[in-house]
Amino acid sequence: MNKKLIFMGTGPFALTALQGLWEHLEEGDTLAVYTKEAKKAGRGMKEKDGCVALFAKEKELPLYQPHSLKEEEAKAQFLALDADLVVVASYGLILPPYVIHGPRFGCVNIHASLLPRHRGAAPINRAILEGDAVTGVTIMQMDEGLDTGDMLKTCSTPIGEDECVGELFERLAEMGRDLLLSLLPDIWAKRLQPIPQDDSLSTYAGKITREDQELSFYKNTKQVLATIRGLSPIPCALCHTADGQLLKIFSATAAETELEGVPGQILAVKPQVLVKTVDGAVALGLIQPEGKGRMNALDAVNGRKLNLGDILQ
RNA sequence: CGCGGGGUAGAGCAGUUGGUAGCUCGUCGGGCUCAUAACCCGGAGGUCGUGUGGUUCAAGUCCCACCCCCGCAA
């Protein structure tokens, strides 16, 4: 039986899954791709294709980028594809009922958390930000709610002590891809036992806001480090130097010190740049002053971007 | 034509009203020290993003064009 697949996704997490799907496409199967429309972005505000769109174009897959799936035109287009299964991975658009219930095998979603924990847009960041020891990916049969569908299978992984979201993101993307591919035969055979989510245990992992990015040193070392790791390298933790310049912080480690100061104060610059927290200090690793490239904290000191005694906030 | 910062020794920066380049760190050599990531002395290392461009007696420093990097905002 030839199958008609549709993939819906946007961004690197989705791309990993799409690549896997494409590579394992069986003879005769078709694969169409939906991704968010190219939007004006970046310096100069030029329209730029996302990585999923680029991949689809490169492989000459049918590509659809509706502004919204709720429009009649998008609906007609979708129905005309007569899909057997829709695979969704961080698409970014709400799926109307006709999409969810239209395909013969419905829509399955790859979600980067162990549902029902961290439903929503930023599950990977939130898992680290909240100090979770374990996270994972879930393949679920979508329903009309936000990440509330029945789970088909999960796969978990421990979060490393020093792991930042960049590393975890990549790992989960691969796990999600592999889990989906391994499940595909069972999905076609309808052999899977859907497991309802326990709504009472659900948490919501909302999109990372600017406020989430603001780093406060009026927290303990563990929380400060979790914030930095949970946001690095994208979108990254932010604070401000003594002269009000934006300072991005990509990495830091816990440090022991006897020096005293107010939270955020630079206690030492040699051999490490130590910043006071509520219960200790952190040694800054890779940072980036406004308008500059990424550099080691010590380089920033040499270039006088940071000075002993300055207070970061 | 969204707003803005920047491209100067291996790294991070300074260079005022134009007169062929300095600082911190690193690096190499030497010294001090029980010792050192500390201190002292000395050295190497730069066609100042590109244009065999313009202005000038003279440009890193002014003008023009182009390339590249980055912050904001979306």
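Chain identifiers are assigned alphabetically (A, B, ...) following the order of the sequence lines, protein sequences preceding nucleic acid strands; residue numbering begins at 1 within each chain. Scope of the values below: all heavy atoms of this structure, side chains included, with no hydrogens, waters or symmetry mates. Keep in mind that this is a model prediction, so the values were computed, not measured.
For B/rG42, the paired base is B/rC28 (Watson-Crick or G-U wobble, both distances below 3.5 Å). In a base pair of the Watson-Crick type (N1 to N3 plus N6-O4 or O6-N4) or a G-U wobble (N1-O2 and O6-N3), with each distance short of 3.5 Å, B/rC72 is matched with B/rG2. Using N1 to N3 plus N6-O4 or O6-N4 for Watson-Crick, or N1-O2 and O6-N3 for G-U wobble, each under 3.5 Å, B/rC34 pairs with nothing.
When only modelled atom types and interatomic distance are considered, A/Asp212 and A/Thr209 share a side-chain donor-acceptor pair under 3.5 Å. Counted by atom type alone, A/Asp147 and A/His118 present zero donor-acceptor pairs between their side chains at under 3.5 Å.
Residues of residues 304-313 of chain A having a heavy atom closer than 4.0 Å to RNA chain B, listed by number: A/Arg304, A/Lys305.
For A/Thr221, the side chain to side chain donor-acceptor pair (under 3.5 Å) partners at least two apart in sequence or on another chain are A/Thr277, A/Asp279. Under the side chain to side chain donor-acceptor pair (under 3.5 Å) criterion, A/Glu174 pairs with no residue at all, not counting sequence neighbours. The side chain to side chain donor-acceptor pair (under 3.5 Å) search around A/Lys48 returns none, not counting sequence neighbours. Judged as a ring-ring contact (aromatic ring centres under 6.0 Å, His included), and not counting sequence neighbours, A/Tyr204 has no contacts.
Only the C1' atoms considered, B/rC34 is 24 Å distant from B/rG29, to the nearest whole Å. Nucleotides B/rG26 and B/rU20 have their P atoms positioned 30 Å apart, rounded to a whole Å.
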Exercise. Would you mind building the protein contact string for nucleotides 65-74 of chain B? One character per nucleotide, 5' to 3', B for base within reach (heavy atoms under 4.0 Å), S for sugar-phosphate only, - for untouched.
Key: -----BBBBB
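A/Tyr91 does not carry A/Lys36 over the face of its six-membered ring by the limits of under 6.0 Å from the centre and within 45° of the normal.
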Self-check item: salt bridge (Lys or Arg N to Asp or Glu O under 4.0 Å) evaluation trace for A/Arg171 with A/Glu163
Solution: CA-CA 11 Å; A/Arg171 192 144 50 87; A/Glu163 192 160 26; 2.5 Å; yes
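Separating the CD atom of A/Glu256 from the C1' atom of B/rA37 is a distance of 18 Å, rounded to the nearest angstrom. Rounded to whole Å, the distance from CD on A/Gln272 to C1' on B/rA38 is 17 Å.
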